[in-house]
Visitor: 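Let me begin by handing over the structure; questions about it come next.
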Amino acid sequence: MLYAVVSLAVTGLAFGALLAFAAQRFAVPVDPRVEAIKKELPNANCGGCGFASCGALAEAIAGGRAPVDGCGVGGSPVAQKIGEIMGIGVEDKEPQVARVKCLGGKAEAEELFTYEGIRDCRAASIPQIQGGFKACTYGCLGLGSCVRVCVFGAMSMGPNSLPVVDDTKCTACGKCVAECPRSIIELVGRSRKVHVCCQNKDKGAVARKLCKVACIACKRCEKACEYDAIKVENNLASIDYSKCTNCGACAAACPPKCIIDERPSEECEVAAS
């Protein structure tokens, strides 16, 4: 009996010593910055940064494979803290919000055929079905793929089959931007109130035939802008937000009304007077 007890104790000690040696010998060094960065991240694990989790992003930032401002949800405050950990200066950036740059819903955009396939925008835009059921190959397909990937509940489908963004919930994580096969969702600064909501680059007559609110490249917006902030190139107007003053003159001059002015109506009236 005594022999069995001693034998078991010796065996236990031997295995314990072996495990301790293995743990020391094969230990993987841990960068202390990874844990420090992870503590600063929102830990929403939304995947908007392109990594599987906040932990994976923290490792990538510490390893130099992701920028210190890689977390859109955390925004500038989090980027500043991570920059301090990494010893990198970070510029203060304006908070952003998602904007859907298409107004061609069911009431405005022509459809080539009735789509009855998978309710997914990528599936509905494959070349085998002519790239989509909408005549405009640039516009929103309206099947809600962007809504489904939003883990913050900031997007919903409106009555005209176009996604609607709830600014109070949007964290600018960028998941909807990455999900949209038509690239019609962008992140813009929250102070920006005037947007071109069309991506159609067809010539004006063709674009208008496909969608009632398509940009027709008439350049009236260009002429109305006193700040050189809007240009029409490749048959499509685009705004240089670094120059835009939110005056709304381009939106007022736009014939198809594909440029929207989000300012409150009373603010617009004051600016126009």
Side-chain angles (χ1 to χ4, degrees), residues 69 72 75-76 79 90-105 107-109 136-140 146 154-155 158 160 162-168 170-172 174 176-177 180 182-273:
D69 59 353
S76 190
V90 180
E91 290 185 9
D92 195 17
K93 290 184 179 178
E94 180 188 7
Q96 294 187 307
V97 66
R99 280 289 170 269
V100 179
K101 296 197 168 182
C102 176
L103 298 176
E108 297 85 10
C136 174
T137 57
Y138 302 90
C140 175
C146 54
M155 299 191 80
N160 197 24
L162 287 175
V164 178
V165 179
D166 183 340
D167 288 6
T168 63
C170 180
T171 62
C176 57
V177 176
C180 178
R182 293 287 175 87
S183 300
I184 61 162
I185 305 178
E186 294 181 1
L187 297 178
V188 300
R190 282 184 176 266
S191 67
R192 303 293 100 199
K193 300 300 180 185
V194 181
H195 311 289
V196 177
C197 291
C198 181
Q199 300 293 306
N200 193 308
K201 296 180 180 177
D202 292 329
K203 290 185 177 179
V206 176
R208 188 59 181 270
K209 186 177 179 181
L210 305 179
C211 178
K212 296 175 183 175
V213 287
C215 176
I216 55 175
C218 65
K219 297 193 175 184
R220 291 190 186 183
C221 52
E222 258 191 31
K223 295 171 185 172
C225 181
E226 298 179 8
Y227 306 98
D228 195 34
I230 187 163
K231 296 288 184 186
V232 175
E233 297 174 332
N234 298 320
N235 301 314
L236 181 64
S238 63
I239 294 176
D240 181 345
Y241 288 118
S242 68
K243 298 179 179 177
C244 179
T245 64
N246 288 332
C247 73
C250 56
C254 177
K257 301 301 178 188
C258 65
I259 303 177
I260 63 168
D261 184 349
E262 296 179 328
R263 294 176 302 160
S265 56
E266 58 271 23
E267 189 177 327
C268 297
E269 290 171 1
V270 171
S273 61

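These figures come from a predicted structure and were not determined experimentally.
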Visitor: Please name the residue in the list E186, H195, Q199 that meets the side chain to side chain donor-acceptor pair (under 3.5 Å) test with K101.
Guide: E186
Visitor: Indicate the atoms forming the closest heavy-atom contact of C198 with C258, along with that distance.
Guide: CB-CB, 4.2 Å
Visitor: Restricting to pairs with a member in residues 204-225, which pass ring pair (Phe, Tyr, Trp, His ring centres under 6.0 Å), not counting sequence neighbours?
Guide: none
Visitor: Output yes when a side-chain donor or acceptor of D261 lies under 3.5 Å from a complementary backbone atom of R263, and no otherwise.
Guide: yes
Visitor: Is N200 close to C211 at the side-chain level, that is, under 4.5 Å between some pair of heavy atoms?
Guide: no
Visitor: State, with a plain yes or no, whether a side-chain heavy atom of I230 is found less than 4.5 Å away from one of I259.
Guide: yes
Visitor: Count the heavy atoms belonging to other residues, nucleotides or ligands that lie under 6.0 Å from NZ of K219, then report whether that count exceeds 12.
Guide: no
Visitor: Taking all non-hydrogen atoms of both residues into account, name the closest pair between C197 and V100 and its distance.
Guide: SG-O, 3.9 Å
Visitor: Would the distance check show the side chain of R208 and the main-chain N or O of P256 forming a donor-acceptor pair, the cut-off being under 3.5 Å?
Guide: no
Visitor: Salt bridge or not between E108 and K257? Use side-chain N to carboxylate O under 4.0 Å.
Guide: no
Visitor: Kindly write out the residues that satisfy side-chain contact (heavy atoms from CB on, under 4.5 Å) with V206, not counting sequence neighbours, or none if the list is empty.
Guide: D202, L210
Visitor: When you measure from the side chain of N234 to the backbone N and O of K201, does any donor-acceptor pair fall under 3.5 Å?
Guide: no
Visitor: Closest approach of C244 and I239, non-hydrogen atoms and distance?
Guide: CB-CG2, 3.8 Å
Visitor: Check C170 against V165 and note the closest heavy-atom contact, atom names and distance.
Guide: CB-CG1, 4.1 Å
Visitor: Can you find a heavy atom in the side chain of I185 that is under 4.5 Å from one in the side chain of M155?
Guide: yes
Visitor: Measuring from atom NZ of K193 to atom SG of C247, what distance do you get when rounded to the nearest 0.5 angstrom?
Guide: 15.0 Å
Visitor: For L236 and C215, run side chain to side chain contact (heavy atoms under 4.5 Å, CB included): C-alpha distance rounded to whole Å, both residues' side-chain angles, the deciding distance at 0.1 Å, then the answer.
Guide: CA-CA 6 Å; L236 181 64; C215 176; 3.9 Å; yes
Visitor: Counting only N and O atoms by type, is there a donor-acceptor contact under 3.5 Å from the side chain of S76 to the main-chain atoms of D92?
Guide: no
Visitor: Does anything in residues 220-232 form a side-chain hydrogen bond (donor to acceptor under 3.5 Å, both in side chains)? List the pairs, not counting sequence neighbours.
Guide: D228-K231, D228-K243
Visitor: Mark yes or no for whether K212, through its side chain, and K209, through its backbone, hold a donor-acceptor pair below 3.5 Å.
Guide: no
Visitor: For the residue pair C102 and I184, what are the closest heavy atoms and their distance?
Guide: CB-CD1, 3.8 Å
Visitor: Are the side chain of R182 and the backbone of C140 linked by a donor-acceptor contact shorter than 3.5 Å?
Guide: no
Visitor: Does any part of the side chain of V97, heavy atoms only, come nearer than 4.5 Å to the side chain of V188, both counted from C-beta?
Guide: yes
